Amino acid sequence: MSGTLYLVPTPIGNLGDISRRMADTLEQADFIAAEDTRVTVKLLNHLGIKKPMAIYHRHNTETGGRAILNRLQDGESCALVTDAGTPAISDPGEELVAQCAALGIPVCAIPGPCALVTALAVSGQPTGRFTFEGFLAMNKKNRRAHLESLRGEERTMLFYEAPHKLAATLQDLSDAFGPDRPVTLCRELTKLHEEVRRTTLGEAAGYYRENVPKGEFVLVVRGAEHQEEQEATLEDGLLLVARLQGEGISLRDAVKRAARELGLSRNQLYSLAVEK
Ligand code: SAM
């Protein structure tokens, strides 16, 4: 029988966020697959755990993944960790989980620290509906296409960003959504210098052009204002009737179709069309 792949989140800054279950799972797994063993060893030392480790990072997903899958299929259990936060969320793991799912290998996710959820909760932006956008691409064309796809997005949008790219990203977001769009910048969450700034994209872009950003950031951008659909008028109906007649449709059928499509009274539209 296959072993289980456990997804074990690790603190995003504060060691106090290690839960009993996270520690127990690391303790009980047959081996730990880590993004960077030097980082994970520090955590394991803190917990007093000694465990064989395998490496699984974004550049060895194929060979590293294959080796982990083989061991899981041989009945060993594996705890997957990354440097910080929840595996598979803008971190290695997504592919391994998909492969386990395809092979019928059980996967168990332990809930725990995750930068995006922590940022959303503290942001003060609407949380009912949101979209996680991860990191914007470095490649200009892909970046533009990504931002273009978010034009008109009404849900709260979350982005991850590294400090050295923050100023440029804020400028691109400001260009895409307008300088007045509210944003919450969540910096160094759970750490000593945690900071939550609620401002606008224009102000934040200007500020970080002048001040070098330090630490890790999640950007929580307010969605676009909801656009109420304009109710169609009889004038709109007449225009549509004329267009349909131009396509060779009879007046009666054109009125019927236009009234149905625009939610207008068929009789009123017909009387007006005959009058004109
Ligand atoms: N899987 C991780 C998670 O669930 O939190 C995210 C890993 S991703 C490679 C790293 C990004 O997460 C950083 O560039 C930053 O945007 C965000 N991040 C991680 N820790 C953070 C923290 N303490 N404060 C703010 N953002 C953080």
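Atoms within each ligand, like the ligands themselves, are counted from 1 in listed order. Here the structure is a predicted model, which is why all the values come from computation and not from measurement.
- Looking at atom 16 (O) of ligand 1, its nearest protein heavy atom turns out to be Phe217 O, 2.5 Å.
- Remark: Arg144 does not engage Glu148 in a salt bridge, criterion side-chain N to carboxylate O under 4.0 Å.
- Gln125 places a side-chain heavy atom less than 4.5 Å from the side chain of Pro182.
- Using a 30° and 60° split on the angle between ring planes, His146 and Phe159 fall in the tilted class, from 30° to 60°.
- By the 4.0 Å heavy-atom criterion, Thr82 is excluded from the residues contacting ligand 1.
- Every atom of ligand 1 is numbered from 1 in the order shown, and the set under 4.0 Å from a heavy atom of Thr86 is 1 (N), 2 (C), 3 (C), 4 (O).
- For ligand 1 and Glu188, the ligand atoms under 4.0 Å from any heavy atom of the residue are 23 (N), 24 (N), 25 (C).
- At a 3.5 angstrom cut-off on N or O pairs, Glu161 counts as close to ligand 1.
- At a heavy-atom distance under 4.0 Å, no atom of Glu194 approaches ligand 1.
- Residue Gly13 places every heavy atom at 4.0 Å or more from ligand 1.
- On a distance-only criterion, Ala115 and ligand 1 share at least one N/O pair closer than 3.5 Å.
- Judged by the shortest distance from any of its heavy atoms, Phe159 lies outside the 4.0 Å radius around the atoms of ligand 1.
- For atom 24 (N) of ligand 1, the closest non-hydrogen atom of the protein is Leu189 N, 2.8 Å.
- Counting only distance, with no hydrogens or angles, the side chain of Ser174 and the backbone of Leu170 share no donor-acceptor pair below 3.5 Å.
- Contacts of Phe135 with ligand 1, taken as heavy-atom pairs under 4.0 Å, involve the side chain alone.
- Below 4.0 Å from some heavy atom of Gly85 lie the following atoms of ligand 1, by number and element: 2 (C), 3 (C), 4 (O), 5 (O).
- Dense packing is recorded around CZ of Arg143, with more than 12 heavy atoms of other residues, nucleotides or ligands lying under 6.0 Å away.
- Residue-ligand proximity, Cys186 to ligand 1, at heavy-atom distances under 4.0 Å covers atoms 25 (C).
- In His226, the NE2 atom is crowded: over 12 heavy atoms of neighbouring residues, nucleotides or ligands sit closer than 6.0 Å.
- The single protein non-hydrogen atom nearest to atom 25 (C) of ligand 1 is Glu216 O, 3.2 Å, given as residue, atom name and distance.
- Residues Leu72 and Ser2 are not in side-chain contact: their nearest non-hydrogen atoms beyond the backbone lie 4.5 Å or more apart.
- Atoms of ligand 1 lying under 4.0 Å from at least one heavy atom of Ala84, given by number and element, are 1 (N), 2 (C).
- Nearest protein heavy-atom contact of atom 26 (N) of ligand 1 is Val218 CG2, 3.4 Å.
- Looking at Asp236 and Thr233, their side chains do bring a donor and an acceptor atom within 3.5 Å of each other.
- The contact set between ligand 1 and Cys114, taken as ligand atoms under 4.0 Å from a residue heavy atom, comprises 4 (O), 5 (O).
- Between Tyr208 and Phe217, the ring planes lie perpendicular to each other; the angle is over 60°, past the 30° to 60° tilted range.
- Note on Arg66 versus Glu62: no salt bridge recorded, every NZ/NE/NH1/NH2 to OD/OE distance being 4.0 Å or above.
- For atom 8 (S) of ligand 1, the nearest non-hydrogen atom from the set Ser90, Pro92, Ala162 belongs to Ser90.
- Tested against Leu158, the residues Val218, Val221, Leu219 include a single side-chain contact (heavy atoms from CB on, under 4.5 Å) partner, Val218.
- Looking at Thr169 and Glu161, their side chains do bring a donor and an acceptor atom within 3.5 Å of each other.
- Distances from ligand 1 to the non-hydrogen atoms of Thr190 include no value under 4.0 Å.
- Residues Thr200 and Pro179 have side chains not in contact (no heavy-atom distance under 4.5 Å, counting atoms from C-beta outward).
- Of the options Val117, Asp91, Leu185, Leu166, the smallest heavy-atom separation from atom 7 (C) of ligand 1 is shown by Asp91.
- Proximity to Lys191 (heavy-atom distance under 4.0 Å) selects the following atoms of ligand 1: 23 (N).
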